[in-house]
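For reference, the structure is listed below as structure tokens.
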Amino acid sequence: MNSQLELSAPSDEDSASKPLAADVQAPEETPTTTAAPAPSEPPAPAHADAELEDDEDDDEADAADDGLDDTVLGAEEALAAAEAEDAAEAREEELEEAPTVLEPEPEPTLAERALHAPHVRPTGEPAEIDPDELDPDALKVVLRLHQHGHQAYLVGGCVRDLLLGRKPKDFDVATSATPNEVRGIFRNCRLIGRRFRLAHVYFKGGKIIEVSTFRANPTELESHAGGGEDDGDGEDLLITHDNVFGTAQEDARRRDFTINGLFYDVSEGRVIDYVRGRRDLDERFIRTIGDPEVRMREDPVRILRAVRFAAKLGLDIESRTYAAMEGAVEDLPRCAPARLLEETFRLIRGGVSAPALKLLDALDALKILLPPVNAYLKQHGKEGEKTFYAFAEALDRRVSAGEPLDDAILLAMLLIPISRSTGPEESQEGGRPSVSQVVEDLLAGFVQSARLPRRIAERCRMLLLAQRTLTGERRRRSAAFKRHPLFNEALTVFEMTVEATGENREQLEAWKAGEVPQPRAAAADGEAGEAGGQRKRRRRRRRRRPSANGASGESADASEPSSDAGDA
């Protein structure tokens, strides 16, 4: 019996365990797995053998109808090649190759042991941020840079989050030391980056403290060199280079928003605010540093960053900043597609996809970032918005609960409403199963222009395909389906879909209990087929039992029309 499934892409674990010869085998030569009868079973009657053979033929026909043949199994080779290309591109982005084994961090000297972050400021007041809330490894980096005569501060998001009473995801350091000087101080350090070099200091458990050298805003430097402010409204302000060292104040001013321009002086126990970020934090505003029109034109990706901070931190966007964001949306296509996709994923990974996407929709930015989502919302109106954001909220609840979700699952959850609204998938040429064309085009565009790994795109597509099997709309060999490597991920997506819609709860409980839910009623397939929304499923035709004169009756069957072609 053919064991092919609609979840046809093999898992990474399977790919790693297969021999090289199997990986390079042509897809059409991939053998199918056929279940042989157990030796202990008695021989079946001739007519039963004929029926079994016919069943297998029909299984293969059904698989071909659904675009599931052996060519799909060749996706493993394509995914492996894509991962190799991704790794090669990542290496090109780095200035240095990562050492195989970094030297361990040496034990602190007696002088270093004396360095500490005081709880009390020189004025006698308590430190503005409790040193116990600071990362000890980040403190070690800052204090050692101080010992070597350099300025060094905790910067950016960690200072912002601590002042808001939130736990920072990571701690970054800004310093007057050049990247090479940082590497000379820390043996467990390597430099990365081509556009602007950064130092990564490694600690136990894979922790990385990122150390950047103070930078200046190249737009400001060019403005000062030109003798004044820009007076040409049509001048291109898009930043294409950002590799100029500067002072601490220049580094604060070149950052995007005031709430991200705060520095923390560990040794003094005080916040350094060159950009009035403390005021905006107290007033709960997101405001650009400098002219918002200029800052958004310099880097339109700041639109997505402002949206993420507003959704994540519950802050309001200052009116002039919001107006500048609206005007800069048209410049988003000028940004690197890979940056736009990564910032979009950061919105989804943060557990704030619903409020963030609502804000992007209000800014009319979805037409550039996620065209199928924009088209779906415009086409289906209020009801479509209600459905789509119900899926986004179900996803946010899982992410906020700390459940680790693959990027393929995140993307699939946002695309399910579109996939459901465009009807069932159809087979492409060559037998490859397909979801709706708009989803196929979106995934292909992400792979080609935005450097989305093919593995993620393929897994997302397979998760979407699997939903019709889980709902019972498509009948599959359930035992083999449950053994598929993507089954658990597909079930996770299905469970969130049930939470969002309230539908198919019985099917979900059956799958979770290890049972196989009953398929959908045959009438549903018939009605959908009459409406033109689904392809009609063929009823299996069984061969007649051989007659007494030895004729099989196949020719009669072949000429006899089937009246059950539309039944399931």
Side-chain angles (χ1 to χ4, degrees), residues 156-157 160 164 217-220 223 229-230 232-240 242 252-262 275-277 279-371 373-375 377-378 385 388-389 392 396 414 450:
R160 176 199 68 216
L164 288 173
N217 188 337
T219 304
E220 286 189 359
S223 175
E229 297 291 333
D230 300 322
D233 293 338
E235 184 173 353
D236 190 355
L237 297 177
L238 186 71
I239 292 179
T240 57
D242 188 13
R253 291 191 55 80
R254 64 119 191 137
R255 294 174 182 267
D256 47 12
F257 305 108
T258 59
I259 60 173
N260 294 334
L262 298 172
V275 294
R276 301 184 69 182
R279 177 201 62 184
D280 288 334
L281 272 184
D282 293 338
E283 296 178 357
R284 304 193 69 79
F285 272 131
I286 295 175
R287 188 192 313 267
T288 59
I289 299 173
D291 186 348
E293 295 286 345
V294 173
R295 302 314 300 273
M296 290 298 167
R297 289 172 61 191
E298 285 176 345
D299 186 3
V301 173
R302 288 170 178 159
I303 296 173
L304 278 71
R305 289 174 56 80
V307 167
R308 176 159 57 88
F309 297 139
K312 175 183 175 182
L313 304 175
L315 306 181
D316 294 324
I317 300 176
E318 182 263 337
S319 57
R320 291 184 62 226
T321 300
Y322 187 86
M325 291 165 61
E326 288 182 306
V329 164
E330 62 185 17
D331 291 329
L332 281 173
R334 304 180 61 197
C335 301
R339 287 189 69 207
L340 294 178
L341 180 62
E342 176 57 26
E343 284 295 334
T344 303
F345 264 118
R346 293 183 74 177
L347 294 174
I348 307 171
R349 296 184 192 121
V352 293
S353 63
L357 292 172
K358 287 179 182 178
L359 188 49
L360 287 174
D361 185 33
L363 290 165
D364 206 21
L366 286 181
K367 64 183 180 182
I368 298 170
L369 302 172
L370 295 169
V373 172
N374 179 71
L377 295 176
K378 296 294 185 289
E385 290 182 10
F388 177 80
Y389 290 117
D396 289 342
L414 297 184

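Residues passing the side chain to side chain donor-acceptor pair (under 3.5 Å) test with Thr258 are Asp280, sequence neighbours excluded. Partners of Arg339 according to the salt bridge (Lys or Arg N to Asp or Glu O under 4.0 Å) rule, which considers only residues two or more places apart in sequence or in another chain, are Asp299. Arg320 is linked by a salt bridge (Lys or Arg N to Asp or Glu O under 4.0 Å) to Asp291, counting only residues two or more places apart in sequence or in another chain. For Asp396, there are no salt bridge (Lys or Arg N to Asp or Glu O under 4.0 Å) partners at least two apart in sequence or on another chain.
Across Asp331 and Pro300, no two heavy atoms sit closer than the pair CB-CG, 3.5 Å. Across every non-hydrogen atom of Ile368 and Pro333, the tightest pair is CD1-CD, 3.8 Å. Taking both residues in full, the closest heavy atoms of Leu262 and Gly277 are given as CD2-CA, 3.9 Å, listed atom of the first, atom of the second, then distance.
For the pair Glu343 and Arg302, the salt-bridge criterion is not met [side-chain N within less than 4.0 Å of a carboxylate O].
Residues Ile289 and Asn260 fail the side-chain proximity criterion, which asks for heavy atoms closer than 4.5 Å. Looking only at side-chain heavy atoms (C-beta outward), Phe257 and Arg295 stay at 4.5 Å or farther from each other. Between Phe285 and Ile259, the closest side-chain pair of non-hydrogen atoms is not below 4.5 Å.
Asn374 contributes atom CG, which lies 9.0 Å from atom CG of Leu370 (distance to the nearest 0.5 angstrom). Note that CD1 of Ile303 and CG of Leu369 are 8.5 Å apart. Values are rounded to the nearest 0.5 Å. Taking CG from Leu377 and OH from Tyr389, the interatomic distance works out to 5.0 Å, rounded to the nearest 0.5 Å. Put simply, CG on Leu315 and CG on Leu281 are 7.0 Å apart, with the number rounded to the nearest 0.5 Å. Between the CG atom of Leu332 and the CE atom of Met296 there is a distance of 10.5 Å, given to the nearest 0.5 Å.
Among Leu304, Ile286, Val307, the single residue meeting the side-chain contact (heavy atoms from CB on, under 4.5 Å) criterion with Met325 is Val307.
Every pair passing side-chain hydrogen bond (donor to acceptor under 3.5 Å, both in side chains) that includes a residue from residues 307-318 is listed here, sequence neighbours excluded: Glu318-Thr321.
Both cation-pi conditions hold for Arg160 and Phe309: the charged atom is under 6.0 angstrom from the six-membered ring centre and inside a 45 degree cone around its axis.
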Let me check something: any side-chain donor-acceptor pairs from residues 354-366 under 3.5 Å, sequence neighbours excluded? List them with distances.
unit_1	atom_1	unit_2	atom_2	d
Asp361	OD1	Lys378	NZ	3.4
Asp364	OD2	Lys367	NZ	3.1

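No more than 12 heavy atoms of other residues, nucleotides or ligands sit less than 6.0 Å from atom CZ of Arg276.
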